[in-house]
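Below, chain A is the first sequence line, B the second, and so on; all start at residue 1.
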Protein chains: 2
Amino acid sequence: MQEAKLYSRYSFLLDRTARRVKQYAKQRFRELGWAITVDQWAILKQLADHGPQNQRELGDKTFKDNPTITRILDLLNDKDYVERKPHPDDRRSFLISLTKNGEQLVNECLPEVQKIRMKAWENLSQKDFKEFKRILDSIYDNLSI
Amino acid sequence: MQEAKLYSRYSFLLDRTARRVKQYAKQRFRELGWAITVDQWAILKQLADHGPQNQRELGDKTFKDNPTITRILDLLNDKDYVERKPHPDDRRSFLISLTKNGEQLVNECLPEVQKIRMKAWENLSQKDFKEFKRILDSIYDNLSI
DNA sequence: TTGCAATAGTTAGTACACTAACTATTATCA
DNA sequence: TGATAATAGTTAGTGTACTAACTATTGCAA
């Protein structure tokens, strides 16, 4: 049970780093004059990569729950980056798509977002990344219901 | 720049896993009848391990900012797990300490918290943990100002 | 020693996560 | 076919994070 002591701070490390990543990106975004958060970016990127889709699919892909998706889309809609259209096949749902404005933002931000990502991996190798992904996925699976 | 594509989902993986850890612990806590969150636990544990201290120190050790510490302590105080006493040397600050009730909760929860922690590391080795810590710390440092 | 800078903590506003309860619609099956 | 279950999305309440503005106190330097 001495392992418990060793592992005792992993959740602290995880939380701390995840917050730093968001914080860093938020700050860079702001410096560049883009009034979006990392989580809003994730939604925009998903729409840019995979086209119009409903909120459930957006949530599945970005691992966000329904209320969170609702709120983020409200904000993105206010800023005229996305629009909700009635879904042609299902009156319960909407088809969410990028506006012209949204597409333009994604194209403008993309190179900078890649720079932000690379910054996190300075002095780390591709092998490190694979290890990192393997361990995170293991933890995630271990704690899945 | 193909690395950018490879790394493109690391923040997603990080965020997803950090949230799962909190979510899992929260659920276990609730099943066991303990009405505290992971973040509240972190404060209680810090107090149990290092004795009475002011809010700034609590924040430094748990990597939480002042407003967050204020709010968490308000909640823990309402539940009679901690108390704020005037600091003998500095009238700006408080000395925060566990109540009897708080000490009792920490002792009661500790073994279960260790189980929760071990659960996350099933099928992973101590070497994995060291790699994990090294990589998280690197990312953290890379993004520090 | 006074006047300014730094520090401890609080409050308010916005954003996201989780839960639960809710409406509207669609799918299933007896 | 008609009752019921499942699904898509919203709303409300609580907890945490980040920022900014604020009060009170302490420290420091001219």
| field | A:R19 to B:F63 six-membered ring, cation-pi geometry met (6.0 Å, 45°) | value | no
Rounded distance in Å - [atom1] ([X]) to [atom2] ([N]):
X: B:I43; N: D:dG15; atom1: CD1; atom2: P; value: 15 Å
X: B:W41; N: D:dG15; atom1: CH2; atom2: C1'; value: 19 Å
X: B:D15; N: D:dT16; atom1: CG; atom2: C1'; value: 13 Å

| query | Can you find a donor-acceptor N/O pair under 3.5 angstrom joining the side chain of A:R71 to the base of C:dA17? | reply | yes
| query | Quick one: the side chain of A:R92 and the base of C:dA27, do they pair up donor-acceptor inside 3.5 Å? | reply | no
| task | Could you say whether A:S93 or B:R91 is positioned toward the 5' end of DNA chain D, judged by the nucleotide with the nearest heavy atom to each? | result | A:S93
| message | Between A:K26 and A:D90, which residue's closest nucleotide on DNA chain D lies nearer the 5′ terminus? | response | A:D90
| note | Judged by nearest nucleotide, the residue sitting upstream toward the 5' end of DNA chain C, A:D89 or B:F94, is B:F94
| note | Closest to the 5' end of DNA chain C, once B:R30 and A:K79 are matched to their nearest nucleotides, is A:K79
Of the nucleotides [options], which one has an atom closest to the side chain of [X]?
X: B:T68; options: D:dA20, D:dT16, D:dT10; value: D:dT16
X: A:R84; options: D:dT10, C:dT10, D:dA17; value: D:dT10
X: B:L75; options: C:dA8, C:dT10, D:dT16; value: D:dT16
X: A:D39; options: C:dC16, C:dA12, D:dT11; value: C:dC16
X: A:R19; options: C:dA17, D:dA17, C:dC16; value: D:dA17
X: B:K22; options: D:dA17, C:dT19, C:dC16; value: D:dA17

| Does atom NZ of B:K79 have more than 12 heavy-atom neighbours from other groups under 6.0 Å away? | yes
| said: Between A:T17 and B:I135, does the side-chain contact (heavy atoms from CB on, under 4.5 Å) criterion hold? Intermediate values first, please. | reply: CA-CA 10 Å; A:T17 308; B:I135 296 170; over 6 Å; no
| query | Per the salt bridge (charged side-chain N to carboxylate O under 4.0 Å, His left out) rule, which among B:K45, B:K64, B:R71 passes with B:D39? | reply | B:K64
